[in-house]
Trainee: 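Would you mind keeping the following structure in view while I ask a few things?
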Amino acid sequence: QATLMESGGGLVQAGDSLKLSCTVSGRTFTTYAMGWFRQAPGEERDFVAGISWRTDATYYADSVNGRFTISKDIAKDTVYLQMDSLKPEDTATYYCGLDTRNRHPYEYDYWGQGTQVIVSS
């Protein structure tokens, strides 16, 4: 069992930056990785970025590579997503995921409730 709580979303203008956070609580098993996905209205949930909890490996979708940076604080059980040079097409609800079965970077077992990011042009 685990609870994930995202924060940091908001309304920004194109070109601005935002930093999302996701903290895990109540975890009773090993974390292999954490990741971020996003879902725009009427769209499927898409992978954004992932980070291994045991190595320095990071993974990015092509659409955000070079603009977004995923990082972790293992002691705080928290993953971050620094989003720079935001574009209107980045508008979505962002979800963090927790991988407990070593299936990252694209498959996760637990999810947060999501935090909304809106980028105006």
Side-chain angles (χ1 to χ4, degrees):
Q1 191 76 1
T3 301
L4 283 66
M5 181 66 69
E6 302 100 335
S7 62
L11 172 63
V12 297
Q13 293 187 331
D16 286 351
S17 298
L18 272 178
K19 187 173 185 177
L20 306 183
S21 301
C22 174
T23 299
V24 181
S25 61
R27 180 177 59 85
T28 59
F29 32 66
T30 299
T31 297
Y32 285 94
M34 293 191 71
W36 290 95
F37 283 64
R38 67 186 181 187
Q39 186 169 19
E43 304 286 335
E44 294 186 350
R45 188 177 297 189
D46 292 328
F47 171 77
V48 175
I51 187 166
S52 171
W53 229 237
R54 298 189 167 192
T55 71
D56 293 331
T58 57
Y59 313 87
Y60 294 96
D62 289 343
S63 59
V64 307
N65 198 18
R67 299 188 298 122
F68 291 10
T69 303
I70 190 170
S71 61
K72 63 189 179 186
D73 186 330
I74 294 176
K76 295 182 178 180
D77 249 348
T78 298
V79 65
Y80 305 97
L81 186 68
Q82 176 67 44
M83 305 186 294
D84 298 320
S85 302
L86 282 161
K87 303 176 181 180
E89 51 262 45
D90 294 319
T91 295
T93 299
Y94 284 70
Y95 299 90
C96 70
L98 171 66
D99 171 23
T100 64
R101 291 187 278 177
N102 200 18
R103 300 185 300 166
H104 64 281
Y106 303 116
E107 296 189 32
Y108 297 83
D109 307 297
Y110 294 90
W111 296 93
Q113 293 299 307
T115 185
Q116 191 169 28
V117 173
I118 300 173
V119 184
S120 64
S121 56

Trainee: OG1 of Thr31 to CG of Asp99: how many Å apart, nearest 0.5 Å?
Mentor: 8.5 Å

Trainee: Show your working on side chain to side chain contact (heavy atoms under 4.5 Å, CB included) between His104 and Tyr59 and close with a plain yes or no.
Mentor: CA-CA 9 Å; His104 64 281; Tyr59 313 87; 3.9 Å; yes

Trainee: Looking at Phe37, Tyr94, Trp36, Tyr95, which one forms a ring-ring contact (aromatic ring centres under 6.0 Å, His included) with Trp111?
Mentor: Phe37

Trainee: Looking at every heavy atom in both Thr91 and Val119, which two are closest together, and how far apart are they?
Mentor: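 Distance-wise, the nearest heavy atoms are OG1-N, 2.9 Å.
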
Trainee: Tell me the disulfide bond (SG atoms under 2.5 Å apart) pairs involving residues 44-75, sequence neighbours left out?
Mentor: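 Qualifying pairs: none.
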
Trainee: Kindly write out the residues that satisfy side chain to side chain donor-acceptor pair (under 3.5 Å) with Glu89, not counting sequence neighbours, or none if the list is empty.
Mentor: none

Trainee: Report yes if the side chains of Thr3 and Gln113 come closer than 4.5 Å at any heavy-atom pair, otherwise no.
Mentor: no

Trainee: Counting C-beta onward and ignoring hydrogens, is there a side-chain heavy-atom pair between Thr69 and Tyr60 closer than 4.5 Å?
Mentor: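 Result yes, sub-4.5 Å side-chain heavy-atom pair found.
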
Trainee: Look at the side chain of Arg101 and the backbone N and O of Arg103, then say whether any donor-acceptor pair between them is shorter than 3.5 Å.
Mentor: no

Trainee: If we only count heavy atoms from C-beta on, is the Arg27 to Thr100 side-chain gap below 4.5 Å?
Mentor: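 No, side chains not in contact.
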
Trainee: Hydrophobic side-chain clustering at under 4.5 Å (ILVMFWY, transitive links): who's grouped with Leu11? Put none if nobody.
Mentor: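 Grouped by the 4.5 Å side-chain rule, Ile118 form the rest of the cluster around Leu11.
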
Trainee: Start with the C-alpha distance between Phe68 and Tyr80, add both sets of side-chain angles, then the distance that settles ring pair (Phe, Tyr, Trp, His ring centres under 6.0 Å), and finish with yes or no.
Mentor: CA-CA 10 Å; Phe68 291 10; Tyr80 305 97; over 10 Å; no

Trainee: Verify, without hydrogens or angle tests, whether Thr55 (side chain) and Ala57 (backbone) share a donor-acceptor contact under 3.5 angstrom.
Mentor: yes

Trainee: Kindly give the heavy-atom pair with the smallest separation between Glu6 and Cys96, and that separation in Å.
Mentor: OE2-N, 2.9 Å

Trainee: May I ask you to decide if Ile70's main-chain N or O and Gln82's side chain share a donor-acceptor pair within less than 3.5 Å?
Mentor: no

Trainee: Are any non-hydrogen side-chain atoms of Lys87 and Arg67 less than 4.5 angstrom apart?
Mentor: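 Counting from C-beta outward, Lys87 and Arg67 do come under 4.5 Å.
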
Trainee: Under 3.5 Å, sequence neighbours excluded: what are the donor-acceptor pairs made by side chains of residues 12-24?
Mentor:
from  : atom 1 : to    : atom 2 : distance (Å)
Asp16 : OD2    : Gln13 : N      : 3.1
Ser17 : OG     : Asp84 : OD1    : 2.7
Thr23 : OG1    : Thr78 : OG1    : 2.9

Trainee: Using side-chain heavy atoms (C-beta onward) and a distance below 4.5 Å, is Met83 in contact with Val117?
Mentor: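 Heavy-atom side-chain distance check passes, below 4.5 Å.
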
Trainee: For Tyr108, which residues count as a side chain to side chain donor-acceptor pair (under 3.5 Å) partner, sequence neighbours excluded?
Mentor: none

Trainee: Check whether any side-chain heavy atom of Val48 lies under 4.5 Å from a side-chain heavy atom of Leu81, and answer yes or no.
Mentor: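 SC-SC contact between Val48 and Leu81 confirmed.
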
Trainee: Is the shortest distance from a Lys or Arg side-chain nitrogen in Asp77 or Lys72 to a carboxylate oxygen in the other one below 4.0 Å?
Mentor: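 A salt bridge is absent here (no side-chain N lies under 4.0 Å from a carboxylate O).
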
Trainee: Go through the steps to decide whether Val79 and Trp53 satisfy the test side chain to side chain contact (heavy atoms under 4.5 Å, CB included), and finish with yes or no.
Mentor: CA-CA 10 Å; Val79 65; Trp53 229 237; 4.3 Å; yes

Trainee: In the single-linkage hydrophobic clustering (I, L, V, M, F, W, Y; side-chain heavy atoms under 4.5 Å), do Met34 and Phe29 co-cluster?
Mentor: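 Yes, Met34 connects to Phe29 through the hydrophobic network.
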
Trainee: Mind checking what makes side chain to side chain contact (heavy atoms under 4.5 Å, CB included) contact with Arg54, not counting sequence neighbours?
Mentor: Thr30, Tyr32, Ser52

